[in-house]
Amino acid sequence: MEVMYKSTRGHSDTITASQAILQGLAPDGGLYVPTSIPSLDVDPAALAEMDYKSIAYIVLSSFLTDYTEEELKSCIDNAYDAKFDTQEIAPVVKVGNTHYMELFHGATIAFKDMALSILPHLLTTAAKKNNITNEIVILTATSGDTGKAALAGFADVPGTRIIVFYPKGGVSRIQELQMVTQKGDNTFVVGVNGNFDDAQTGVKKMFNDASLKEVLAQKGFQFSSANSINIGRLIPQVAYYVWAYSRLVKEGSIKPGEKINFVVPTGNFGNILAGYYAKLMGLPVDRLICASNDNKVLYDFFKKGIYNRNREFILTTSPSMDILISSNLERLIYKVCGSAELNREYMKELSEKGVYSLNITQIAALADFSAGFATEQENAGEIKKVYDETGYVMDTHTGVASCVYRKYVSETSDTTPAVIVSTASPYKFGRAVMTAIDPAYDSLDDFALIGELNKVSKVEIPNAVREIMNAEIRHDTVCDIDKMEAEVKGFLGV
């Protein structure tokens, strides 16, 4: 069955998967969603015998139906290769009585590698399929991890350029160094005087600027996105939920068909939405537990049915979740509303007033989700507790999820087998991780901390960290929000 894509706001044409991936954001400002969710027509016992690439093909071929088998398998083979430091791609490890799916074994040691390793191949294949001659400009805002993963994926890819905006002072030192040392003649990195929401809003404004698009087109450019607003980012993430389930079956932790829970640390809502799509496909998932940090706009939404971004923006030690405007939530709102018109109304209210409220029927449609949050103090305490009890060292985002899951079990007594989605290597947030284990480590510099983390975790220092220790700073541009468009034009020579 062919799966087509339409905008959550209803004013744009229904298009193919490759066209949706090329566009990134719909012309009406909406996000592309599949017209139907395909079924996962594979026996869970059979999944247990497959490797990651095979499962990725099953998922991607179900959603991206205008790609040929040869095209998809080529994209998958080029994505999930020696860039990952383990053949498993995404190991599911048991720590005590809990499973953690480690999504940080790629080139930039964060979960964004899982999708951004394949997106450049999906995008360049889509350009050929649709006879695109323009140079594709990847325009992206990052809260820390997407930027580096996108830069690494698109660096020196023919026919593309990539521009990444990040909140200056709002990411970890390791995250910033990973971006500003990025090589590649087609890469451009800009620090923004503002937070992630400011950067994301600026990027969306440029996507929706018809006159800017026209100017770029005259010069042979067109925008696309590497953010999770691009459906080509979201669909590959569905695969690792199916993979995690298959690993629990394979090791005998669950029986084929038995339900499990997933606990997902999230800010922009893309990661957990991918899990929801996996459930809609038929993966035996019970609860999707949304884990927030002190910027708990999603927690409040699931508890009250009210989305309200009118609150203090808090800088935390889990910066990839420091977000008050969760872009991917729009895809869920569209689903529970069952109407592009209602979704448009809510998005207009969010833009103009910063708040919208679901009705009782719509709130009831959120029943697949639970939510929790962890404060900074609770997060640090969880990292230390798990380390003291098991020797396992987790990053600050995984710490939030682990803490939320501990509280969830205490409050609900739900003993359903669960997988905590571990989204980054502790090396990416070494200072916060090490000072959680022992505050005395805070006296060390960033690179000395890496050596100590190596001793404590007994995990080899990733290449991604070794590479930046003496790397040249190649990107030092910083701008105000209202100068973002000028920086884009300057880089492109428009």
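Side chains are part of it too, since the values below use all heavy atoms of this structure and drop only hydrogens, waters and symmetry mates.
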Please report the C-alpha distance between H121 and V157 in whole Å, then the side-chain angles of each, then the deciding distance to 0.1 Å, and finally whether the side-chain contact (heavy atoms from CB on, under 4.5 Å) criterion is met.
-> CA-CA 9 Å; H121 303 290; V157 171; over 6 Å; no
Got a second to check how far [X]'s [atom1] is from [Y]'s [atom2], nearest 0.5 Å?
X    : Y    : atom1 : atom2 : value
N328 : I231 : CG    : CD1   : 8.0 Å
D28  : M347 : CG    : CE    : 12.5 Å
T266 : L273 : OG1   : CG    : 9.0 Å
S143 : D145 : OG    : CG    : 6.5 Å
S61  : I76  : OG    : CD1   : 7.5 Å
Y356 : I306 : OH    : CD1   : 11.5 Å

Walk me through it: do S74 and D77 pass the test side-chain hydrogen bond (donor to acceptor under 3.5 Å, both in side chains)?
-> CA-CA 5 Å; S74 175; D77 285 340; over 6 Å; no
Does the salt bridge (Lys or Arg N to Asp or Glu O under 4.0 Å) test come out yes or no for R247 and E88, once each step is laid out?
-> CA-CA 10 Å; R247 295 310 90 188; E88 281 191 290; 5.3 Å; no
Less than 3.5 Å apart, any donor N or O on the side chain of [X] or [Y] sitting next to an acceptor on the other?
X    : Y    : value
E214 : S211 : no
Q362 : Y346 : yes
D198 : T201 : no
S54  : D51  : yes
E102 : S422 : no
K428 : Q178 : yes
S225 : N230 : no
Y334 : K6   : yes
Y5   : D13  : no
R287 : S370 : yes
S327 : K204 : yes
E176 : Y166 : yes
N308 : N310 : yes

List the atom pairs, with distances to 0.1 Å, where a side-chain N or O of residues 479-494 and a protein N or O form a donor-acceptor pair under 3.5 Å, not counting sequence neighbours.
unit_1	atom_1	unit_2	atom_2	d
D480	OD1	N193	ND2	2.8
E485	OE2	K489	NZ	3.1

Hey, does L123 have a side-chain heavy atom less than 4.5 Å from the side chain of S224?
->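 Counting from C-beta outward, S224 and L123 do come under 4.5 Å.
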Do L60 and I118 have side chains that get closer than 4.5 Å, going by heavy atoms?
->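 In short, these two side chains touch, coming nearer than 4.5 Å.
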Would Y80 and Y52 count as a ring-ring contact (aromatic ring centres under 6.0 Å, His included) if you check the C-alpha gap in whole Å, the side-chain angles of each, and the deciding distance to 0.1 Å?
-> CA-CA 8 Å; Y80 305 116; Y52 191 87; 5.2 Å; yes
[X]/[Y] ion pair, N-O < 4.0 Å:
X    : Y    : answer
D156 : K183 : no
K279 : D368 : yes
D81  : K83  : yes
E341 : R9   : no

Are more than 12 heavy atoms from other residues, nucleotides or ligands located less than 6.0 Å from atom CD of Q87?
->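 Not buried by this count: 12 neighbours or fewer within 6.0 Å.
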Any chance NZ of K296 has more than 12 other-residue heavy atoms, nucleotides or ligands included, within less than 6.0 Å?
->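 Enclosed: over 12 neighbouring heavy atoms sit under 6.0 Å from NZ of K296.
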Test applied, side chain to side chain contact (heavy atoms under 4.5 Å, CB included); reference residue, F165; option that passes from V203, T477, V189 |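 Of V203, T477, V189, side chain to side chain contact (heavy atoms under 4.5 Å, CB included) with F165 is met by V203 alone.
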Determine the sole option in M114, Q237, K112 for which the side chain to side chain contact (heavy atoms under 4.5 Å, CB included) test with L103 is passed.
->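 Looking at M114, Q237, K112, the match for L103 under the side chain to side chain contact (heavy atoms under 4.5 Å, CB included) is M114.
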Check: F429 ring centre within less than 6.0 Å of H397 ring centre =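 They qualify: ring centres under 6.0 Å apart.
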Could you check N295 against R311 for side-chain contact (heavy atoms from CB on, under 4.5 Å), going step by step and ending with a plain yes or no?
-> CA-CA 9 Å; N295 293 294; R311 62 183 72 203; 5.9 Å; no
Over all heavy atoms of both residues, which pair between A464 and A107 is shortest? Give the atoms and the distance, please.
->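 Taking A464 first and A107 second, the nearest heavy atoms are CB-O, 3.2 Å.
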Looking only at heavy atoms, what is the nearest atom pair of L119 and A226, with distance?
->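 Where L119 meets A226 most closely, the heavy atoms are CD2-CA, 3.7 Å.
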Please work out which of the three classes, parallel, tilted or perpendicular, describes the rings of F269 and F369, given edges at 30° and 60°.
->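 F369 and F269: tilted rings.
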Pairing residues for F262 by the ring-ring contact (aromatic ring centres under 6.0 Å, His included) criterion, not counting sequence neighbours =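 So F262 forms a ring-ring contact (aromatic ring centres under 6.0 Å, His included) with Y241.
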Donor-acceptor contact present, side-chain S7 to main-chain S12, <3.5 Å |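 Judged by distance alone, no pair lies under 3.5 Å.
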Measure from the side-chain N and O atoms of N359 to the backbone N and O of T361, and report whether any donor-acceptor pair falls under 3.5 Å.
->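 Yes, because the side chain of N359 sits within donor-acceptor range (under 3.5 Å) of the backbone of T361.
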Partner of N293 by side chain to side chain donor-acceptor pair (under 3.5 Å), out of T396, D322, N379 |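 The passing option is D322.
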Please identify each residue that fulfils side chain to side chain contact (heavy atoms under 4.5 Å, CB included) with E135, with sequence neighbours left out.
->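 For E135, the residues satisfying side chain to side chain contact (heavy atoms under 4.5 Å, CB included) (neighbours in sequence not counted) are R161, F221.
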